[in-house]
Amino acid sequence: MGSGLTATSGIYQGNNTITSSTGFSSAQQEYTAYPGFPQGQYPQYYSSAYSSPYVTANNISPSAISGMTYQIPEPPIAITNQTSAESVSGDYNTVSRARTPVKDLDSDRQRRSSDGKLRGRSKRNNDPSPLLDTDIERVFVWDLDETIIIFHSLLTGTYATRFGKDTPTAVSLGLRMEEMIFNLADMHLFFNDLEECDQVHIDDVSSDDNGQDLSTYNFATDGFQTAAVGGNLCIGSGVHGGVDWMRKLAFRYRRVKEMYNTYKNNVGGLIGTPKREGWLQLRADMEALTDLWLTHALKALSLINSRSNCVNILVTTTQLIPALSKVLLYGLGTVFPIENIYSATKTGNYT
């Protein structure tokens, strides 16, 4: 065995080299057991310019082996190119991925700040969160009767008994104010129509309002009362009726809101000159009897109303329409916007 090895050049440089091809038989050449790797078998992994680093069994000969030096082939470049192509078209592309929502919002804010034309509804819809009135720091929630005004205790004589006032005079003043309250509510605020359809807030049925112009609308002949009486549409705590009837109800509450905002600083103009004198005299007599109760209450309410970080809210157990009439006649319209007035007749004060 040792005589077959000499110091000639071959694949491995050293003492152990192959002298000739006569020492190999076809059975001893194990290369035939391994198939070749033609380029056509896996075309997706190789480019057209690729040449295989592997030698097939047909090309192997003992003479060729003696002259070849083994080198480790480098990975084919075509595989890397294929991977890059898949990355470009795939969902997990790390080079050009979709922007995150946070980045979109940041860039959108910068774009809006630099573009003065973006305003109105489109700007509000693009904002990630609605604008909040962060200026309001204190909210004052008030009851009406026997807190801001003296009314019910005048009618019952309770106020006169407790504070040592003349009871007949107190009751008389209460009755006169009560008559004026309901006259205003009936004549100008649709109380006859809305007594059985009371709402908690003036805008509770505004969603049924189609925005129709009411400047020439005839409330007396629109059929609202006839439908209500015949169908019992306003019974219990809920409001029931068809679309047309609900729209007429919404029209009335819209007109009430318009009347309140128009005359809250000029109640005398609403009730007319003859009644205005009687109303002013009644106010003066009540202030004298109650030791300027309303004057002191108005002073506190006006001070709160003058502060931009404070707001007055009114919650009363009186029905909404008579409550609005009270607020107007007692001169409280300037310190209570109609949107800040709530009736707890149906729900209770603590709901």
Side-chain angles (χ1 to χ4, degrees), residues 144-145 149 151-152 155 175-272 274-276 279 314-330 332-333 336-348:
L144 184 59
D145 288 350
I149 66 173
F151 174 67
H152 186 264
L155 291 171
L175 290 172
R176 288 166 59 191
M177 179 57 78
E178 181 183 45
E179 181 183 7
M180 191 165 285
I181 288 170
F182 284 103
N183 282 340
L184 176 60
D186 290 337
M187 294 180 64
H188 302 287
L189 304 180
F190 302 103
F191 187 54
N192 284 330
D193 291 351
L194 304 178
E195 182 176 5
E196 300 299 328
C197 304
D198 191 43
Q199 304 298 314
V200 174
H201 189 265
I202 193 66
D203 292 328
D204 278 356
V205 292
S206 60
S207 59
D208 296 295
D209 193 336
N210 62 2
Q212 178 180 332
D213 181 17
L214 302 180
S215 59
T216 59
Y217 186 84
N218 193 333
F219 289 94
T221 61
D222 68 349
F224 180 83
Q225 275 285 4
T226 303
V229 173
N232 262 343
L233 295 176
C234 291
I235 294 180
S237 59
V239 176
H240 311 283
V243 174
D244 183 63
W245 186 86
M246 288 297 297
R247 184 166 57 251
K248 295 173 184 177
L249 177 67
F251 287 168
R252 282 158 170 77
Y253 275 101
R254 194 207 322 167
R255 176 54 63 86
V256 169
K257 186 174 183 178
E258 292 173 353
M259 297 292 287
Y260 183 96
N261 290 331
T262 301
Y263 293 101
K264 63 183 180 181
N265 294 320
N266 183 25
V267 180
L270 177 62
I271 62 179
K275 293 183 179 180
R276 178 179 179 275
W279 167 64
L314 183 65
V315 180
T316 176
T317 54
T318 306
Q319 285 184 278
L320 183 61
I321 298 303
L324 296 177
S325 183
K326 283 182 183 180
V327 170
L328 290 173
L329 290 172
Y330 276 87
L332 302 171
F336 285 112
I338 194 171
E339 294 83 4
N340 293 1
I341 299 175
Y342 296 85
S343 170
T345 302
K346 296 192 301 183
T347 60

Value rounded to 0.5 Å, distance of CG in D186 from CG in N192: 4.0 Å
Where the side chain of Q199 meets the backbone of V205, is there a donor-acceptor pair that is under 3.5 Å apart? no
Looking at CG of L189 and OG of S325, how far apart are the two atoms once the value is rounded to the nearest 0.5 Å? 6.0 Å
Point-to-point distance, once rounded to the nearest 0.5 Å, from CG of L194 to CZ of F190: 7.5 Å
If the condition is side-chain hydrogen bond (donor to acceptor under 3.5 Å, both in side chains), which residues does D209 pass it with, not counting sequence neighbours? R254
Using atom types as modelled and distance alone, determine if a side-chain donor or acceptor of K257 lies under 3.5 Å from a backbone N or O of I338. no
With a cut-off of 6.0 Å (strictly less than), are more than 12 heavy atoms of other residues, nucleotides or ligands near NE2 of H152? no
Is the closest side-chain heavy-atom distance between I181 and L329 below 4.5 Å? yes
Is D203 reaching over with its side chain to a backbone N or O of S206, donor-acceptor style, under 3.5 angstrom? no
Just wondering, do Y263 and H188 contact through their side chains at under 4.5 Å, heavy atoms? no
Is there side-chain contact between Y342 and T316, with heavy atoms separated by less than 4.5 Å? no
Taking C-beta and beyond as the side chain, do Y217 and R255 meet within less than 4.5 Å on heavy atoms? no
Using side-chain contact (heavy atoms from CB on, under 4.5 Å) as the criterion, point out the one residue from V327, L332, L324, L328 that pairs with K264. L328
Please confirm whether the backbone N or O of H201 pairs with a side-chain atom of D204, one donor and one acceptor, at under 3.5 Å? yes
Picking from Y253, W245, F251, what satisfies ring pair (Phe, Tyr, Trp, His ring centres under 6.0 Å) with F224? W245
Non-hydrogen side-chain atoms of I202 and I341 separated by less than 4.5 Å: no
Set of side-chain hydrogen bond (donor to acceptor under 3.5 Å, both in side chains) partners for S207, sequence neighbours left out: none
Check the pair L320 / V200 against side chain to side chain contact (heavy atoms under 4.5 Å, CB included), numbers first and verdict last. CA-CA 7 Å; L320 183 61; V200 174; over 6 Å; no
Which of these, K248, R247, R252, sits in a side-chain hydrogen bond (donor to acceptor under 3.5 Å, both in side chains) with D222? R252
With F151, which residues qualify under ring-ring contact (aromatic ring centres under 6.0 Å, His included), at least two apart? none
Test item: M246 and V243 side chains (from C-beta on) under 4.5 Å apart, heavy atoms: no
T318 side chain vs A323 backbone, donor-acceptor pair below 3.5 Å: no
